[in-house]
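Okay, structure first, notes after.
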Amino acid sequence: MAAVIDVPPSPVRLKAVAAPGQPEPTPALEQLYRGFEQELLVPLWTEIGDLMPPQPRSKAAAHLWRWERLKQLAGEAGRIVPVGRGGERRAIALANPALGGRPFATPTLWAAIQYLMPGENAPEHRHTQHAFRFVVEGEGVWTVVGGDAVRMSRGDFLPQAGWNWHAHHNAATEPMAWIDGLDIPFAYMTESQFFEHGRDAISEAEQGTPERSRSERLWGHPGLRPLSQPADTAGSPLLAYRWADTDRALADQLALEDEGHPGVVSAGHAAVRFTHPGTGRDVMPTIRCEMHRVRRGGRTRAWREVGSSVYQVFDGTGSVRVGGQQWRVQRGDLFVVPSWVPFQAQCDADAPLLDLFRFGDAPIFEALHQHRVQVDAE
Ligand code: GTQ
Ligand code: FE2
């Protein structure tokens, strides 16, 4: 048998091409490139356009998912796929069409529809990834965070900062769907994740269905910090931001505009950010969450910023423009705005309002002093 010299093929592939800014393709250059390949070397001059563009050039695509279809498929999963250890959650993630089929809505963010049948329990676990739930419709599920049962109802925003134990429990007679947002792709890319299983079943007491959670009784009083608690925690200690409060804040901004007072971000566009009640900063170190309201026939200014976002239409109808794409949208529809791609929303003339829930990764870039916003971008 002939001896085989086992040289693994190099993953580096370099081709000498005639192009502006590239060295003239000659046999000597080809030979140089074969040497680079053998020694696993890549020169800057073939890569710089992709690696160091003048401004962010997202690999992610602007894309829209229709809520009706997501709900239908989640309901089928509810009938076919059990929830339990291993898979942990009946959560179905949005896969950005330009991110290789991975369950990544954007390069940093996970967005999923989660579904629980009546009486079902999703087992307890914890992970370093930061998470939240947002409820576009329905009720009946309590998310149990560190033993504190938190009601989930339409319009509620429920942050769960990393490393908190959590389980979910459907105490009602109907199935319930909601969306999850997490920084799973960011943690995956940076190889920083930890995960632990908790108890398979939470206690009877934790399966209670209190109207208000312990966290809300401590932290849910505007401008009042409980002195028994540390203030500067990584994520928000307030486990539910209720729709009645969010709705009133947005309605008040538009009413102030009607009365000729400042309050809106731009004409006809009210907005609030969900904040950590102890620090006033974002609810979680990696994820920013906001609610935007555009009045009847109104529109937002167009803007773009560093970092990606996912939006879910909470109420109303209108149209949104993401770069060169435009969609008509209605309740529950989800869409992605990639980094540095202009975004603008408009409320229909025959709709009372357009409410948009938004989450994004801006806190990451702000912490690194890399965040930029450009308003009225085209
Ligand atoms: O509900 O705990 O969509 O851990 C992805 C990972 C939901 C959850 C997701 C999770 C959860
Ligand atoms: Fe989880």
Side-chain angles (χ1 to χ4, degrees), residues 65 67 70-71 73-75 77-78 81-96 99 102-106 108-117 120-136 138-153 156-171 175-190 192-202 206-207 213 215 234-236 239-240 283-287 289 310 312 332 334 336 357 359 361:
W65 288 261
W67 181 243
L70 292 182
K71 235 180 11 175
L73 289 166
V81 182
V83 63
R85 274 287 175 244
E88 299 292 298
R89 301 292 185 254
R90 190 185 291 110
I92 306 154
L94 309 185
N96 192 292
L99 296 177
R102 303 293 296 165
F104 302 160
T106 82
T108 53
L109 297 169
W110 164 282
I113 179 172
Q114 186 168 162
Y115 200 84
L116 267 189
M117 300 294 279
E120 272 186 334
N121 282 290
E124 192 180 49
H125 67 206
R126 66 175 175 177
H127 38 73
T128 46
Q129 291 93 340
H130 299 294
F132 71 81
R133 332 272 156 220
F134 180 71
V135 185
V136 72
E139 58 188 4
V141 169
W142 270 254
T143 182
V144 184
V145 184
D148 190 10
V150 192
R151 178 173 54 84
M152 294 171 60
S153 307
D156 295 344
F157 165 72
L158 306 110
Q160 291 184 356
W163 215 235
N164 282 297
W165 293 110
H166 56 283
H168 315 306
H169 169 63
N170 189 342
M176 182 176 164
W178 66 89
I179 65 159
D180 302 310
L182 291 92
D183 56 6
I184 290 173
F186 174 71
Y188 181 83
M189 179 176 53
T190 52
S192 56
Q193 324 93 319
F194 294 87
F195 182 101
E196 287 181 359
H197 290 311
R199 299 162 298 169
D200 287 341
I202 53 174
E206 289 162 312
Q207 289 188 28
S213 60
S215 88
S236 175
L239 298 177
V283 275
M284 288 176 291
T286 53
I287 309 178
C289 299
V310 179
Q312 185 174 36
L334 288 137
V336 161
F357 172 76
F359 67 105
D361 56 8

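Note that these values count all heavy atoms, side chains included, but never hydrogens, waters or copies made by symmetry. In each ligand, atom 1 is the first atom listed, and ligand 1 is the first ligand listed.
Contact between His168 and ligand 1 is present, with at least one heavy atom of the residue lying under 4.0 Å from the ligand.
The minimum heavy-atom distance linking Asp148 with Ser215 is given by the pair OD2-N, 2.8 Å. The shortest heavy-atom contact between Phe359 and Cys289 is CB-SG, 3.8 Å. In this structure, Gln193 and Thr128 approach most closely via the heavy-atom pair CA-OG1, 3.5 Å. Across all non-hydrogen atoms, the minimal contact from Val150 to Ala240 is CG1-CB, 3.6 Å. Residue Glu120 comes nearest to Tyr115 through the heavy atom pair OE1-O, 4.5 Å, listed as atom of the first residue, atom of the second, then distance.
Looking only at distances, no side-chain donor or acceptor of Gln114 sits under 3.5 Å from a matching main-chain atom of Arg90.
The nearest heavy-atom contact from the protein to atom 5 (C) of ligand 1 is Trp110 NE1, 3.6 Å. Distance from atom 7 (C) of ligand 1 to its nearest protein heavy atom, with residue and atom name: Asp180 OD2, 3.3 Å. Scanning the protein heavy atoms around atom 6 (C) of ligand 1, the nearest turns out to be Leu182 CD2, 3.9 Å. Nearest protein neighbour of atom 11 (C) of ligand 1, counting heavy atoms only, is Arg89 CG, 3.6 Å.
For Phe195, the CZ atom is densely surrounded, since the number of other residues' heavy atoms within 6.0 Å is greater than 12. Residue Glu139 qualifies as open at atom CD: its count of foreign heavy atoms under 6.0 Å is 12 or below.
In this view, Trp178 and His168 satisfy the ring pair (Phe, Tyr, Trp, His ring centres under 6.0 Å) rule, not counting sequence neighbours.
Of the residues Arg199, Arg89, Arg85, the one that meets the salt bridge (Lys or Arg N to Asp or Glu O under 4.0 Å) test with Glu124 is Arg199.
Under 4.0 angstrom from ligand 1, the non-hydrogen atoms of Arg133 all belong to its side chain. Using a 4.0 Å cut-off between heavy atoms, Gln160 makes no contact with ligand 1 at all. When heavy-atom distances to ligand 1 are checked against a 4.0 Å cut-off, Glu88 has no atom that comes that close, whether in backbone or side chain.
Residue-and-atom listing of protein N/O/S atoms under 2.8 Å from the Fe ion (ligand 2), sorted by chain and number: His125 NE2, His127 NE2, His166 NE2.
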side-chain contact (heavy atoms from CB on, under 4.5 Å) between Asp156 and Arg151, intermediate numbers included:
CA-CA 9 Å; Asp156 295 344; Arg151 178 173 54 84; 4.2 Å; yes

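The ligand atoms of ligand 1 that sit less than 4.0 angstrom from a heavy atom of His166 are 2 (O), 8 (C). Taking every non-hydrogen atom of Ala112 and a distance limit under 4.0 Å, the qualifying atoms of ligand 1 come out as 3 (O).
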